[in-house]
Amino acid sequence: MPATVHVRELTADDLDAAWELGRFAFGSDPQRPPPPPAPVPGLTRYGAFDDADRLVGKAVDLHHDQWWSGRAVPAADVAGVAVAPEARGRGVARALLTALLRGARERGAAISALYPTVAAPYRACGWEAAGVLRTVDLATAALPRHRPASHLSVRAGTPADLPAVDALYERVTRHRNGMLTRRGELFDAADRGLPGDGVTLVEADGELVGYATWQRGRGYGADSVLTVDEALAVTAEAARELVGVLGSWASVAPTLRLCPLDGDAVSTVLPLESARDHERDLWMHRPVDVVRAVSARGWPAHARGVVDFGLTDPLADWNTGTWQLTVADGAAELTRVGGEADLRLDVRGFALLYAGAARARSVAQAGLLHCAGDADPAALDLLGVGGPAQLLDYF
């Protein structure tokens with residue numbers, strides 16, 4: 001192929017070629033679905049073209065927001081990256097992701113996440129592994145049973161209940177790190193029918209305190225699975241009630257499949273010691289704009305400190321330089337400073353620290369943080385205060 005590619009946003013005329021490229025890359029159904037509208041609210045499609053204007057690569061910027069300690073941070077979550085087989089290994093993906101980062105910064109994004117099919121190309125572009133979306137199988141009969149609480153009621157949800165479901169999801173997730181807000185054009189444009197086959201609601205005095213969305217699957221034999229897309233609660237009693245209802249499926253769905261949310265009310269009731277991994281999806285993180293990434297998120301009120309560090313970001317040169325991080329009173333900022341710093345951080349190291357996926361000494365041992373003289377790498381633990389990030393949505 002020609003040595004150069006040019007990257008631009010895809011138009012309606014490019015969508016057939018983009019679909020075909022994705023079909024080959026991901027092995028999807030050869031039956032072409034109805035074409036989506038262009039542009040789709042809440043996302044930007046990028047394409048890489050060769051000198052003959054043939055599409056040789058594509059990527060999508062999903063305009064998500066993510067919760068970080070109580071504040072919504074604009075994100076450029078990446079999906080649908082595909083490169084034609086004849087063009088692989090020639091810098092197409094790098095060109096696509098460079099353009100995507102630049103466009104995302106221009107529209108105000110601060111951070112980015114993605115689920116890789118293989119990590120190495122994304123590491124070369126500054127993303128680093130920050131967590132795993134874990135799907136587990138549990139024996140439905142092993143779920144704890146309990147006597148239904150008299151002050152709680154359980155019922156099937158309807159489309160009219162979805163705003164209350166959304167509000168409960170936000171109560172659970174907004175003070176965590178990394179979780180999608182599920183707000184914005186991309187979600188506003190989605191079909192708001194009941195998710196899956198059903199929604200089970202737990203209420204206390206008419207207020208929603210827990211819910212589960214589920215898919216029944218097929219059959220009722222030994223291989224039947226009840227897939228719980230989401231189960232969240234805001235009280236321990238609601239969690240026990242919800243798990244008790246799920247356990248009632250044992251006679252016709254011997255296996256319960258779900259993605260546990262670390263340390264939430266429902267997970268503390270589940271017998272996770274007997275869980276078997278069904279699927280593990282690695283996700284990766286990187287900053288789009290480090291100044292925004294630091295100023296837009298929430299920070300623990302007890303965190304306080306100042307540290308200077310250098311940062312290298314080959315794809316996003318606006319992030320490269322010497323910075324001073326100041327954290328105090330639940331907020332933080334990055335300001336450029338002159339000269340060289342004793343702590344020099346690779347953008348992948350920044351991603352690990354920001355997402356709470358590693359401590360600074362571990363980042364240094366990985367070669368992503370370099371210390372001059374007797375500089376203590378632990379000073380950069382300040383960048384990672386607030387706990388680890390987690391994703392509950394696959395994209």
Side-chain angles (χ1 to χ4, degrees), residues 42-43 60-79 101 104 108-116 119 122-123 126-136 166 168-184 186-187 229-232 234 258-267 279-300 303 327 330-332 347-360 362-363 381-395:
L43 62 81
V60 180
D61 168 12
L62 302 171
H63 304 182
H64 289 156
D65 287 342
Q66 297 179 4
W67 288 121
W68 289 80
S69 299
R71 296 179 66 181
V73 179
D77 291 336
V78 181
L101 285 171
I111 56 177
S112 174
L114 57 82
Y115 288 93
Y122 297 103
R123 282 192 167 119
W127 279 265
E128 188 47 73
V132 173
L133 176 61
R134 182 176 175 230
T135 305
V136 302
D166 292 342
L168 190 142
Y169 168 84
E170 186 164 308
R171 286 179 65 188
V172 172
T173 60
R174 68 175 296 128
H175 294 291
R176 290 173 171 263
N177 289 337
M179 307 287 287
L180 300 195
T181 66
R182 297 183 185 169
R183 299 175 179 177
L186 199 56
F187 292 96
D229 297 312
E230 201 159 270
L232 299 175
V234 292
L258 80 164
C259 297
L261 181 60
D262 292 344
D264 79 313
V266 173
S267 291
E279 195 169 31
R280 295 171 62 87
D281 293 296
L282 179 76
W283 64 271
M284 305 180 80
H285 174 86
R286 89 160 348 259
V288 173
D289 184 297
V290 291
V291 173
R292 289 187 196 135
V294 166
S295 64
R297 66 174 289 177
W299 295 79
V327 181
V347 66
R348 291 166 53 204
F350 185 102
L352 284 171
L353 291 169
Y354 184 95
R359 302 293 294 270
S362 297
V363 174
D381 283 335
L382 184 64
L383 184 57
V385 296
Q390 186 176 5
L391 283 173
L392 199 57
D393 293 88
Y394 185 86
F395 44 81

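Counting heavy atoms from C-beta outward, V78 and V60 have side chains that stay 4.5 Å or more apart. Side-chain contact between R176 and L261 is present, with heavy atoms from C-beta onward closer than 4.5 Å. Under the 4.5 Å side-chain criterion, counting only non-hydrogen atoms from C-beta, L186 is in contact with L43.
In this structure, N177 contributes its side chain and G387 its backbone to a donor-acceptor pair below 3.5 Å. Not a single donor-acceptor pair under 3.5 Å links the side chain of R359 to the backbone N or O of D381. Side-chain atoms of R123 do not come within 3.5 Å of backbone N or O of E128 as any donor-acceptor pair. Judged by distance alone, the side chain of S69 and the main-chain N or O of W299 form no donor-acceptor pair under 3.5 Å. In this structure, D77 contributes its side chain and L62 its backbone to no donor-acceptor pair below 3.5 Å. The main-chain N or O of D262 is never found under 3.5 Å from a side-chain atom of S267 such that the two would form a donor-acceptor pair.
For V327 against A303, the heavy-atom pair with the smallest separation is CG1-O, 3.7 Å. For the residue pair A76 and A104, the shortest heavy atom distance occurs at CB-CB, 3.5 Å. Here the shortest heavy-atom pairing between G126 and V347 reads CA-CG1, 3.6 Å. Of all heavy-atom pairs spanning I111 and A293, the tightest one is CG2-CB, 3.7 Å. Across G386 and P300, no two heavy atoms sit closer than the pair CA-CG, 3.6 Å. Closest non-hydrogen pair, A113 versus Q66, comes out as CB-NE2, 3.8 Å.
If you run ring-ring contact (aromatic ring centres under 6.0 Å, His included) between F395 and each of W283, Y115, F187, only Y115 comes through. Only one option out of D166, V73, D65 pairs with T181 in a side chain to side chain contact (heavy atoms under 4.5 Å, CB included); it is D65.
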Using the side-chain contact (heavy atoms from CB on, under 4.5 Å) rule, take Y169 and M179 through it: C-alpha gap first, then chi angles, then the decisive distance, then the call. CA-CA 10 Å; Y169 168 84; M179 307 287 287; 4.1 Å; yes
Go through R297 and R71 one step at a time and tell me if the side-chain contact (heavy atoms from CB on, under 4.5 Å) criterion holds. CA-CA 5 Å; R297 66 174 289 177; R71 296 179 66 181; 5.6 Å; no
Start with the C-alpha gap between L180 and L392, add the side-chain angles, then the distance that decides, and say whether side-chain contact (heavy atoms from CB on, under 4.5 Å) holds. CA-CA 8 Å; L180 300 195; L392 199 57; over 6 Å; no
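In this structure, the separation between CG on D281 and OH on Y394 is 5.0 Å, given to the nearest 0.5 Å. Annotation: the span from C259 atom SG to L391 atom CG amounts to 11.0 Å, rounded to 0.5 Å.
One finds a salt bridge joining D393 and R182 here, because a Lys/Arg side-chain nitrogen approaches an Asp/Glu carboxylate oxygen to under 4.0 Å.
W127 carries R286 over the face of its six-membered ring, with the cationic atom under 6.0 Å from the centre and within 45° of the normal.
The aromatic rings of H285 and Y354 lie parallel to each other, their planes meeting at an angle below 30°, with 60° marking the opposite boundary.
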